[in-house]
Amino acid sequence: MSRTIASEIEPKWQAAWEQAGTFRASRSGDKPKYYVLEMFPYPSGRIHMGHVRNYTMGDVIARYKIATGHNVLHPMGWDAFGMPAENAAMASGGHPKDWTYQNIADMRAQMKPLGLSIDWSREFATCDPEYYGQQQALFIDMLAAGLVYRKNAVVNWDPVDMTVLANEQVIDGKGWRSGADVDRRELTQWFFNISAYSEELLTAIDSLDSWPAKVKLMQANWIGRSRGVEISFPLSTPTAGLESLVCYSTRPDTLHGATFMAISPDHPVAKTLAESSADIAAFCLEARKGGTTEEAIEKADKKGFDTGLTVRHPIWPDRQLPVWIANFVLMDYGTGAIYACPSHDQRDLDFAVKFGLPVVNAFNMPGETNVIGKEALVPGKDVTVEYVNHFTGLVRATAYDVIEASIDWLEARGLGKGQVRYRLRDWGLSRQRYWGCPIPVVHCENCGVVPEKKENLPIRLPDDVTFDVPGNPLDRHPTWRNCACPSCGKPARRETDTMDTFVDSSWYYARFTAPHAATPTVMADAEYWMNVDQYIGGIEHAILHLLYSRFFARAMQITGHLPAKAIEPFDALFTQGMVTHEIYMTRDENGRPVYHFPEDVENGALKATGEKVEIIPSAKMSKSKKNVVDPVSIVTTYGADTARWFVLSDSPPERDVEWTASGAEAAAKHLARVLRIAGEVAAMADTGPTAEDTDLLRAMHKTIHEVTQGVESFGFNAAIARLYGFTNTLGRSGAGAAAKRQATMALAQLMAPMTPHLSEEIWAMLGGEGLIAVAPWPKADAAMLIDDTVTLPIQINGKRRSEITVPKDMPAAEVEKLVLADEAVVRALEGGAVKKLIVVPGRIVNVVI
RNA sequence: GCCGGUGUGGCGGAAUGGUAGACGCAGCGGAUUCAAAAUCCGCCGGGGCAACCCCCCGUGAAGGUUCGAGUCCUUUCACCGGCACCA
């Protein structure tokens, strides 16, 4: 049966939708628009179960919205630039372009049998010149609007591959590909000034009502607003043209405990001192090393160098604090200099202990001499602290109030300046890579950096490149770099950096509204289709992709490419869980793990040899662990509807779902059963109504109500449970042919978003009009949702002891009488009195004795 | 370290403060069959009872609010996720 569904029914209906243009979106009609979007895939060449789950969820929403009278836009594209294509080219000698487009063709062919309601006419890949040319236009507009700039930045440089590496590509200080020691090199790079929008991006989070709280929190933490104060400490000897060291502190209340200053090895003072001192130069070089990876930071020892300089404490002029260069002070946060208060900051304390610097407890009451041990004293912001604040005089307040009072006190005396700072940095977009969108600027000896003329766009990637030598092929291409200056016309050189691929995915949602336009967007289309009503994707994009997209929506508004209402591009966001699977493992003769594909294992043993396998609990499907199930083989074996039904059924969509062979089998069986029941109903002779008609129709209306609620609230697993229940009812019902036919057609409709092919088949079998894909969603009759009688549980002292069945509108007084006459109640009372009797109409009764 | 989330049968998971365990998987029993597959029917948290009834216990742990708590509050444990030498 499932073979039939897979091989005959599914292709038939896919062809029918295709022919009818069912999912072609157009900006017309008086229906409300609805834009549903799933995060577009990277064309790796194979779809995986995670894709199936993601796109199925979007498809359920899209199909449900079509049925409820919306004009739906549901597009699909390819996030097609990026390193894997270049790596493949380096490994196999092919071309990234061929590799990518072949993968797209393969994946599209794997995706189409899923029966998704996608408007394929809007498909594009970000590596299409038509797309990246418009991205270049956008870049030029952003450059003109001051949203992009160039500056020197310290980057991870792989000297073998001759490229910049992202932090996560540096492992133990070595390049992940080359294994070479990574340098920290200062290069001129392009940046989006996203940090200028820190406050805006932070406060606007509040408006994202239909985003998961978790994602909003992660974004807020990433932006990392902090309130503090800038304080100047006069230097004993002016250095690097500076009279004093400025530091930023969020804890000015601890100023009394300041015992030394620490500056970053990259601080101008440190750099100046390094020029005249080989020791300092050596120290700074050493301190800068250590890499930027997480482990490296975790393990990093405190390193320090006493410069011999001192600064004067701004409040107590008799105190001179030594200035140290310290490896734990970062140049790109705050001012690159800190005053250290070891008593109230763990890092400062660790440093002080290591280098024998004094520790003064700023929170001591007069006369108290509380000594700080190995742990710094750090009160919570809401905790009331009791101590003499040595300058403001506040004695007992929350730490938060003390900090605010300290800032005010310092400001009033001109000693400090209250400040708000953010963790968010500007977004470096330059990549020394071939397979990305060329940055459309030209370097001219006369005119400097000049944006390319828009009529010259797209600046295409040259096809004739080689990957046999490391480095950026654009850099060493014989002719590509040569061009005429757009401003003066003299010979000039192109920028050879390409854009971070996150740029490509930061505006594709807008491009889908007019995917083939000669401008980045068309205002009328954007005005009509934006915003994305429902965006669906993995939690792994909670921060960067979504933050960048929010920034781009603002940038595109400033540059006139999006309407004001699209300032937040995604009205609702849903982050779905992963598809997981058990891992099957044996060990080789050396005890090393050997993993096995699920299809090679049966009943806990290898099919081939019968050797028992170790079963490791379910984890994210991964090729290296071989715990993968190929959607293509599932679709071939069981059909797309089975795969769709299963990935929706077992777990709530935001959680992980474990793929099991028995679960997939069960899904296939169930769908076959529904088809069988429908066949029986279709073949039923009309015998007239029976006594069971009403029961069946009541169940139908309840199911309509509950499934509708489930789909509306992303409760797909609960909706499917209701559909199972209704199928059981239908299968056992002795209702007449007409009622059964009605119930079966409703079942098909309710299942249609999840199992569209099967539903079309049943719809046609029972004489439904047109395609079920466009049939109006069934409505629950409110009157049919309420039974004539209700069964009320009777609790005695809060424990269920009995129940009574009464007419639905029986007055409470009469219910009480019946309850008091109930056998279980009488027995429990033993002739005693009822203390209290609670009747919740239509719900429950509680007898308190 | 800071911020957040989640803990319910053998398993995945249901449950607007109102009958805990819907629905599915696995398991057990039965029907059908020469037999199997497929299908259909039934049972299925733990304990007490010969047994239906019935009684006791049960949503990580301990308290609390309430007629009534998986759900609300306090404390606590475990696991998961995000951020992090961010001053």
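Throughout, a chain's letter reflects where its sequence line sits, starting with A, and its residues are numbered from 1.
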To the nearest angstrom, the CZ-C1' distance between A:Phe646 and B:G12 comes to 9 Å
Test for a donor-acceptor pair under 3.5 Å between the base of B:C85 and the side chain of A:Lys302, counting only N and O atoms. yes
Heavy atoms, side chains only, cut-off 4.5 Å: are A:Glu658 and A:Asp650 in contact? no
Once you apply a heavy-atom cut-off of 4.0 Å, does A:Arg421 come out as touching a base, just sugar-phosphate, or nothing? nothing
Classify A:Asp332 by what it touches in the nucleic acid, base, sugar-phosphate, or nothing, heavy-atom distance under 4.0 Å. nothing
No-H, no-angle donor-acceptor pair, A:Arg732 side chain to B:C41 base, under 3.5 Å: no
Students often get this wrong, so: under 4.0 angstrom with heavy atoms, is A:Ser249 touching a base, only sugar-phosphate, or nothing? sugar-phosphate
So which heavy atom on A:Met751 is nearest to which on A:Leu671, and how close? CE-CD2, 3.7 Å
Looking at every heavy atom in both A:Val246 and A:Ala337, which two are closest together, and how far apart are they? O-CB, 3.7 Å
Which value, in whole Å, describes the distance between the P atoms of nucleotides B:C25 and B:U19? 26 Å
OP1 or OP2 of B:G13 under 4.0 Å from side-chain N/O of A:Arg655: yes
How far apart are the closest heavy atoms of A:Phe351 and A:Lys303, and which atoms are they? CE1-O, 3.4 Å
Hey, is the side chain of A:Asn717 poking within less than 4.0 Å of OP1 or OP2 on B:A14, counting only N and O atoms? yes
Send over the distance from A:Ile796 CD1 to B:C54 P, rounded to a whole Å. 11 Å
With a non-hydrogen cut-off below 4.0 angstrom, is A:Arg225 in contact with a base, only sugar-phosphate, or nothing? nothing
Counting just side-chain N and O atoms, does A:Tyr333 come under 4.0 Å of either OP1 or OP2 of B:A87? yes
Is A:Lys214 near enough to B:G5 that one of its side-chain N or O atoms lies under 4.0 angstrom from OP1 or OP2? no
Any donor-acceptor N/O pair under 3.5 Å between B:C83 base and A:Asn221 side chain: no
Give a yes/no answer on whether the side chain of A:Arg800 brings an N or O atom under 4.0 Å of OP1 or OP2 in B:A20. no
Strictly distance-based, threshold 3.5 Å: is any side-chain N or O of A:Thr307 a donor or acceptor partner for the main-chain N or O of A:Val323? yes
Compute the centroid of each ring, for A:Trp645 and then for A:Tyr724, and state whether the two points are separated by less than 6.0 Å. yes
For atom CG of A:Asn846 and atom C1' of B:C67, their distance in whole Å: 5 Å
Any base atoms under 4.0 Å from A:Glu658, or only sugar-phosphate, or nothing? Heavy atoms, all strands. nothing
Could you check how far CG of A:Asp253 sits from P of B:A87, rounded to whole Å? 13 Å
Side-chain donor/acceptor contact of A:Arg843 with base of B:U16 under 3.5 Å: yes
Are OP1 or OP2 of B:C40 and a side-chain N or O of A:Arg673 less than 4.0 angstrom apart? yes
Can you check B:G9 for me, syn or anti if syn means within 90° of 0? syn
A:Glu230 CD - B:A87 C1' separation (whole Å): 12 Å
Identify whether any heavy atom of A:Val845 sits under 4.0 Å from a base atom; if not, whether one sits that close to sugar-phosphate; answer base, sugar-phosphate or nothing. nothing
Integer-rounded Å distance: B:C23 C1' and A:Lys702 NZ: 16 Å
Are A:Arg423 and B:C3 close enough that a side-chain N or O sits under 4.0 Å from OP1 or OP2? no
Expressed as a whole number of angstroms, how long is the span from A:Lys799:NZ to B:C55:P? 10 Å
So what does A:Ala718 hit on the nucleic acid, given a heavy-atom distance under 4.0 Å: a base, only sugar-phosphate, or nothing? nothing
Describe the nucleic acid contact of A:Val848 in one word from base, sugar-phosphate, nothing, applying a heavy-atom distance below 4.0 Å. sugar-phosphate
